[in-house]
Engineer: 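Let me give you the structure first, and then I'll get to my questions.
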Amino acid sequence: MIDLKALRDDPARFREGAARKKIEVDIDRILELDQAHRKLMTGQERARAEQNKISKASGPEIGKLTGQLKKAPEGERSAIEAKIAALKAKPSELAKQVSELGKQVDALEPELNALLMCVPMPADADVPVGESSDDNVELSQWNPPGWDSAKTFEQNKGFAPKTHLELVETLGLVDFERGVKMAGSRSYVLTGLGMRLHQAVLRYAYDFIIEKHGFTPMSVPVLVRENAMEGTGFFPDGRDQTYHIEESTRGAGQDLFLTGTGEVGLMGLHANEIIDEASLPLKYATVSTCFRREAGAAGRDTAGLYRIHQFDKVEQVVICKADEGESRTWHKKMLGIVEELVQSLGLPYRLLHCCTGDLGVKNADMVDLECWMPGRGEMDANDRPMGAYGETHSASRLYDFQCRRLNLRYKGESTGGKTVFCHSLNNTVLASPRVLVPILEMYQQADGRVRVPRVLQGHMGGVEVIG
RNA sequence: GGAGAGGUGGCGGAGCGGCUGAACGCGCCGGUCUCGAAAACCGGUUGACCUCACGGUCACGGGGGUUCGAAUCCCCCCCUCUCCGCCA
């Protein structure tokens with residue numbers, strides 16, 4: 001949610017912000033509704049103030065007369081009734097006015113609120129302007145010793161790579177057929193060492209963020225109410241991507257939704273709270289199962305472990321003071337953590353500065369980390385994939401967009417007694433099984449077996465090679 | 001799933017149609033006293049919205065209703081607790 005006051009003061013900024021993000025929203029309509037809304041509110045408040053004043057002044061008298069009326073003899077009643085009616089006349093009329101204006105206010109609000117929910121956070125000035133992910137800008141590359149990203153896999157390693165799909169098949173790590181039998185397309189079953197590798201890499205990442213970087217471990221709900229989805233900014237925009245459990249049709253009070261990321265649970269923790277400034281920043285990490293419908297992605301990445309409906313993810317969030325410098329510093333730190341992690345796994349990657357068209361509604365800035373996946377990309381002359389980078393991480397900076405919706409505020413020395421919306425950031429620590437794609441493909445050997453990255457061996461009971 | 005109790009400020013807890021945005025206690029902040037501290041005493045201490053300001057409006061779990069007037073009465077929803085049943 002953006003600040004309505006800020007929009008009022010500088011509508012051009014939001015108009016342009018939405019245009020750059022390729023998001024359509026009628027700013028002029030919002031301004032129009034806001035103006036009408038405030039005018040009605042002012043009128044209503046004035047009428048109510050008047051009514052309150054009169055009620056306070058004449059109320060006790062009405063009470064007294066009403067008491068008298070009960071005991072009064074027949075003959076005196078009409079006189080008392082007339083007095084009461086006279087005293088009630090003005091406030092009664094005002095009450096009617098208030099209620100009339102209230103109805104007009106109520107008529108405006110749904111449209112105003114719905115529109116306001118759709119106004120995107122303008123991207124920062126240093127975010128590259130672009131249409132889609134094709135316009136994202138590469139910031140840096142990293143390669144492990146002995147890997148030259150200018151060369152092909154075969155030139156680097158001396159043999160042609162298999163895709164992760166071929167590897168999991170021959171090594172018996174994933175059973176797609178049975179997954180699909182039970183749960184439909186994009187479903188899978190991790191088997192044996194496949195499951196073990198999945199768990200090992202998640203556990204490694206979780207320990208990494210907690211032990212090395214001091215994030216607080218949390219377990220959070222993955223089945224949440226609509227207000228948690230709205231508060232974190234996933235609704236209304238991402239409704240189509242979310243599994244919806246219609247509990248309300250079965251007698252329960254509210255529907256529930258399966259979260260597509262642990263960010264929802266972590267950010268929802270402190271909704272409607274006022275946090276003491278001294279306890280900021282909050283640094284939380286969770287590992288949770290994530291559910292995504294992947295609506296509209298039909299035909300894209302249909303095979304393999306890349307794009308699936310259910311996966312597990314270690315996620316980090318930071319909730320900090322409302323300070324651009326601090327927010328930027330955390331963004332860098334969170335990226336640094338992930339770079340360190342991916343480097344320790346020995347996977348080549350690059351960082352991409354996402355362009356305005358790729359940011360989505362809630363982000364002011366976003367940097368993706370993409371790992372090199374030898375089994376992806378265009379086909380060569382032999383109809384073999386030439387390799388490509390594939391997104392494995394995404395670090396977002398949101399200013400107060402999310403905290404405003406969540407009503408997550410703080411108070412302390414620097415705020416001068418005021419309550420202020422916090423800033424929030426989030427970043428993938430590691431998502432699996434997607435990360436198994438680069439791990440399996442990069443660690444494969446000429447003999448078809450796959451080495452287990454050294455840092456994961458301890459989490460796999462010492463297994464060094466799969467196959 | 002069945003039966004009952006209850007949701008008031010940072011916490012405890014009163015209020016059950018107008019004098020209550022809220023008694024009282026605790027906590028917290030400031031002051032007096034003190035070499036300093038404790039104690040005692042005095043003062044302060046919710047949030048949102050509109051307004052340049054004066055000031056005004058709203059909020060006692062959430063929403064709606066009755067009334068000139070609702071924390072207080074009525075309806076719906078949500079949540080918490082206790083007992084029983086089921087259960088990883």
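Throughout, a chain's letter reflects where its sequence line sits, starting with A, and its residues are numbered from 1. Given the structure is predicted, the values throughout are model-derived calculations rather than measurements.
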Engineer: Heavy-atom nearest nucleotide on RNA chain B for A:Lys88 versus A:Asn52: which residue maps closer to 5'?
Structural biologist: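 Nearest nucleotide further toward 5': that of A:Asn52.
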Engineer: Below the 4.0 Å mark, does B:A48 have OP1 or OP2 next to a side-chain nitrogen or oxygen of A:Arg409?
Structural biologist: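 Yes.
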Engineer: Would you confirm whether A:Arg397, through its side chain, and A:Glu324, through its main-chain N or O, come within 3.5 Å as a donor-acceptor pair?
Structural biologist: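 Such a contact is absent between A:Arg397 side chain and A:Glu324 backbone.
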Engineer: Less than 4.0 Å between a side-chain N and a carboxylate O, is that true for A:Glu50 and A:Arg46?
Structural biologist: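 Here A:Arg46 does not pair with A:Glu50 in a salt bridge, since their nearest N and O are not under 4.0 Å apart.
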Engineer: Examine B:U67: is either OP1 or OP2 under 4.0 Å from a nitrogen or oxygen in the side chain of A:Ser92? Give yes or no.
Structural biologist: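 False: A:Ser92 side-chain N/O out of range (4.0 Å or more) of B:U67 OP1/OP2.
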Engineer: Verify salt bridge (charged side-chain N to carboxylate O under 4.0 Å, His left out) between A:Lys313 and A:Glu315, making sure each step is shown before the conclusion.
Structural biologist: CA-CA 6 Å; A:Lys313 179 156 65 76; A:Glu315 177 78 4; 2.7 Å; yes
Engineer: 5'-most contact on RNA chain B: A:Gly63 or A:Asp106, nearest heavy atom basis?
Structural biologist: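 Closest to the 5' end, via its nearest nucleotide, is A:Gly63.
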Engineer: Does A:Arg46 place a side-chain N or O at less than 4.0 Å from the phosphate oxygens OP1/OP2 of B:U51?
Structural biologist: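 No, A:Arg46 has no side-chain N/O under 4.0 Å of OP1/OP2 on B:U51.
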Engineer: With a cut-off of less than 4.0 Å, is there a side-chain N or O of A:Lys411 near OP1 or OP2 of B:G47?
Structural biologist: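 Checking B:G47 against A:Lys411, a side-chain N or O does come within under 4.0 Å of OP1 or OP2.
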Engineer: Who is the Watson-Crick or G-U wobble partner of B:G21, with both distances under 3.5 Å?
Structural biologist: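 Looking at the geometry, B:G21 pairs with no nucleotide.
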Engineer: Is there a side-chain contact between A:Arg48 and the phosphate of B:G69, meaning an N or O under 4.0 Å from OP1 or OP2?
Structural biologist: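 The answer is no; no side-chain N or O of A:Arg48 sits under 4.0 Å from OP1 or OP2.
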Engineer: From the options B:G69, B:C78, B:C50, select the nucleotide whose nearest atom is closest to the side chain of A:Glu45.
Structural biologist: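 Of the candidates, B:C50 comes closest.
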Engineer: What is the nucleic acid contact for A:Gln44, judged by heavy atoms within less than 4.0 Å: base, sugar-phosphate only, or nothing?
Structural biologist: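 Result for A:Gln44 = nothing.
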Engineer: Charged N to carboxylate O below 4.0 Å: is that the case for A:Arg434 and A:Asp312?
Structural biologist: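 Result for this pair is no, no salt bridge flagged.
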